There are 2 protein chains.
Amino acid sequence: MKNSLTAPPIVTVDAVLLTIAGNELCVALHKREAAPFAGHWALPGGFIHTQEDDSAKAAAARVLRDKVDVQSPYLEEFGSYSGPVRDPRGWSLTLVYYALVPVVSARITLFPVNRLPNLPFDHGQIVSAVVERVRSKASYSSLPVHLCPEEFTIAQLHAAYELVLGERINMANFRRKLADLDLLEPVSGLLRSAGRSRPSQVYVVRKKYRDRLSVRDRGL
Amino acid sequence: MKNSLTAPPIVTVDAVLLTIAGNELCVALHKREAAPFAGHWALPGGFIHTQEDDSAKAAAARVLRDKVDVQSPYLEEFGSYSGPVRDPRGWSLTLVYYALVPVVSARITLFPVNRLPNLPFDHGQIVSAVVERVRSKASYSSLPVHLCPEEFTIAQLHAAYELVLGERINMANFRRKLADLDLLEPVSGLLRSAGRSRPSQVYVVRKKYRDRLSVRDRGL
DNA sequence: TCAATAGTGTCTATAAGACAATATGGT
DNA sequence: ACCATATTGTCTTATAGACACTATTGA
């Protein structure tokens with residue numbers, strides 16, 4: 001056992017919380033309280049608490065609850081970042097999770113993903129990679145519904161897709177493909193008026209897709 | 001710092017090494033030498049050696065080198081498995097990597113993924129999930145080329161795809177889509193005869209795709 | 001009734017899948 | 001010449017994208 005003396009890595013979880021604010025995709029950052037980089041904006045993260053966390057994912061959910069006040073968001077594992085130099089404390093590994101939520105409490109500080117401050121560790125790189133993954137998944141799945149509130153109109157969802165994908169989507173085709181997804185359930189009798197135009201049907205996500213994605217074979 | 005006394009998790013990497021043998025997709029297992037489950041077949045894995053490994057991925061590559069004698073395979077991160085009960089030693093987290101190789105040395109023990117023995121920890125579940133991911137990626141990317149040797153014919157690659165996907169693929173359409181991938185480079189002048197039929201062109205993977213996948217928008 | 005957005009219908013271009021036809025080296 | 005497999009061509013059908021049309025409410 002020649003390596004039994006090797007120091008174990010520092011292991012943390014970090015969360016990339018995404019939401020829409022001011023017509024932009026934004027990420028929630030948290031001002032670090034402890035060293036290293038105390039006082040800097042960074043991804044909310046922390047150590048796994050083996051006494052209370054049932055999994056790494058549960059640890060990420062706890063971090064989001066405690067540090068940015070978010071309850072049970074859509075939460076998925078992204079991947080790991082590791083190595084000897086990314087953390088000044090030594091060899092470290094962080095498991096990155098990403099979360100999507102419709103709204104955040106006013107106390108949370110959001111930054112548009114396209115105009116981030118310099119972030120410590122490799123957090124800037126992590127946010128970019130997560131946004132890229134979210135864009136990619138949006139192109140063939142129901143992922144962006146998690147940026148909409150519980151009840152929403154197709155126009156709202158359409159806007160969320162356009163914002164995430166960064167391009168215009170033809171509404172007629174969007175509706176057709178959305179129907180294929182079998183994702184939405186109309187809230188019977190509930191319409192919503194905006195301005196002086198025809199009101200639109202309000203929908204909710206079908207129960208079976210509350211915690212899973214609905215996926216299409218071919219894009220959008 | 002109320003949680004400073006929490007024990008840290010046990011952190012390991014495990015590798016799912018896939019290859020084709022006997023016309024089946026197979027996974028390499030390794031007989032565990034140390035407790036727990038000494039003597040049982042399990043995924044090759046181990047601790048990260050912070051003195052020598054530059055990343056978790058490098059640790060997985062080292063494990064494959066040391067335990068199953070495989071050099072520089074196609075290697076990707078799969079995801080993590082964690083929790084208080086999956087390892088009898090306590091709260092543990094393993095980062096799973098998967099690797100694809102064309103051949104393995106005769107000393108390695110392979111098991112068809114459809115007929116595995118009972119595996120310790122959650123390794124059975126991990127193998128299933130990885131195979132599912134590999135199937136899924138095969139359906140829109142060049143992933144299965146890594147199951148072929150350096151030089152190969154289209155018929156060979158076609159067979160690898162059929163084996164991974166578990167279904168017949170029309171050869172004419174396969175060729176057309178393969179051409180779209182811009183993946184292959186013919187080895188000029190090199191043909192290969194098999195039996196008494198027309199010999200086939202031999203190809204290699206273009207340099208740019210040796211370590212990356214080539215991906216198509218729509219399937220296959 | 002008009003402005004404005006919701007929602008539907010339809011035409012066209014493109015890619016997928018099936019299948020037939022042709023090519024070629026070994027025997 | 002002929003067998004077997006490689007490779008190419010083409011026909012049919014499904015889907016994507018563009019765009020025009022109809023529906024419905026509030027002002």
Side-chain angles (χ1 to χ4, degrees), chain A residues 23 136 138-142 145 148-149 151-163 165-204 214-220, chain B residues 23 136 138-142 145 148-149 151-163 165-204 214-220:
Chain A
N23 213 37
S136 162
S139 72
Y140 62 89
S141 80
S142 61
V145 292
C148 288
E151 299 191 331
F152 56 89
T153 66
I154 292 195
Q156 273 183 282
L157 182 58
H158 179 249
Y161 269 87
E162 287 195 334
L163 203 146
L165 294 176
E167 59 187 22
R168 308 305 305 268
I169 300 172
N170 180 282
M171 177 58 102
N173 301 331
F174 180 74
R175 280 173 187 276
R176 189 175 39 201
K177 295 184 179 185
L178 195 55
D180 285 356
L181 279 179
D182 181 45
L183 177 74
L184 301 184
E185 193 175 329
V187 179
S188 74
L190 183 54
L191 301 183
R192 178 179 301 170
S193 302
R196 56 179 169 167
S197 74
R198 174 176 172 179
S200 51
Q201 176 64 52
V202 171
Y203 294 86
V204 296
S214 173
V215 173
R216 275 171 54 83
D217 276 356
R218 314 208 226 291
L220 269 169
Chain B
N23 213 37
S136 162
S139 72
Y140 62 88
S141 81
S142 60
V145 292
C148 288
E151 299 191 332
F152 55 89
T153 66
I154 292 195
Q156 272 182 282
L157 182 58
H158 179 251
Y161 269 87
E162 287 195 335
L163 204 145
L165 294 175
E167 60 188 20
R168 307 305 305 267
I169 300 171
N170 180 283
M171 178 57 102
N173 302 330
F174 179 74
R175 279 172 186 276
R176 190 175 37 202
K177 296 183 178 185
L178 194 55
D180 284 357
L181 279 179
D182 181 44
L183 176 74
L184 302 185
E185 193 175 330
V187 179
S188 74
L190 183 52
L191 302 183
R192 178 178 301 169
S193 302
R196 56 177 169 169
S197 73
R198 176 177 172 180
S200 50
Q201 176 65 52
V202 171
Y203 294 87
V204 296
S214 174
V215 172
R216 276 170 55 82
D217 277 355
R218 313 207 227 289
L220 271 167

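None of these values were measured; they are calculated from a predicted model. In what follows, chains are A, B, ... by sequence order, proteins preceding strands, each numbered from 1. Atoms considered below: every heavy atom in the structure, side chains included; atoms not considered: hydrogens, waters and symmetry mates.
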Holding to side-chain contact (heavy atoms from CB on, under 4.5 Å), I want the full list of residues that pass it with [X], two or more places apart in sequence or in another chain.
{"X": "A:L165", "result": "A:A138, A:S139, A:Y161, A:E167, A:I169, A:L220"}
{"X": "A:L163", "result": "A:I20, A:N23, A:L25"}
{"X": "B:A159", "result": "none"}
{"X": "B:R175", "result": "B:I154, B:M171"}

With B:R218, which residues qualify under side-chain hydrogen bond (donor to acceptor under 3.5 Å, both in side chains), at least two apart?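 Expected list: none.
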Considering every strand and a 4.0 Å limit on heavy-atom distances, what is the contact class for B:R168: base, sugar-phosphate, or nothing?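 If one applies the 4.0 Å heavy-atom cut-off, B:R168 turns out to touch nothing in the nucleic acid.
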Hey, where on DNA chain D does chain B first and last touch, going 5' to 3'? Cut-off is any atom under 4.0 Å from a heavy atom.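 Listing 5' to 3', DNA chain D meets chain B from D:dC3 to D:dT10.
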Throw together a table of side-chain donor-acceptor distances under 3.5 angstrom for residues 177-185 of chain B, partners on residues two or more places apart or in other chains.
| from | atom 1 | to | atom 2 | distance (Å) |
| --- | --- | --- | --- | --- |
| B:D180 | OD2 | B:R216 | NH1 | 3.1 |
| B:D182 | OD1 | B:R206 | NE | 3.1 |

With no hydrogens and no angle check, is any side-chain donor or acceptor of B:Q156 less than 3.5 Å from a backbone partner on B:C148?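 No; zero donor-acceptor contacts below 3.5 Å.
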Checking B:E162 now: which residues fulfil salt bridge (charged side-chain N to carboxylate O under 4.0 Å, His left out) with it, not counting sequence neighbours?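 Only B:R168 meet the salt bridge (charged side-chain N to carboxylate O under 4.0 Å, His left out) criterion with B:E162.
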Letter by letter from the 5' end, nucleotides 1-11 of chain C scores (B base, S sugar-phosphate only, - none; protein heavy atoms under 4.0 Å) --BBBBBBBB-
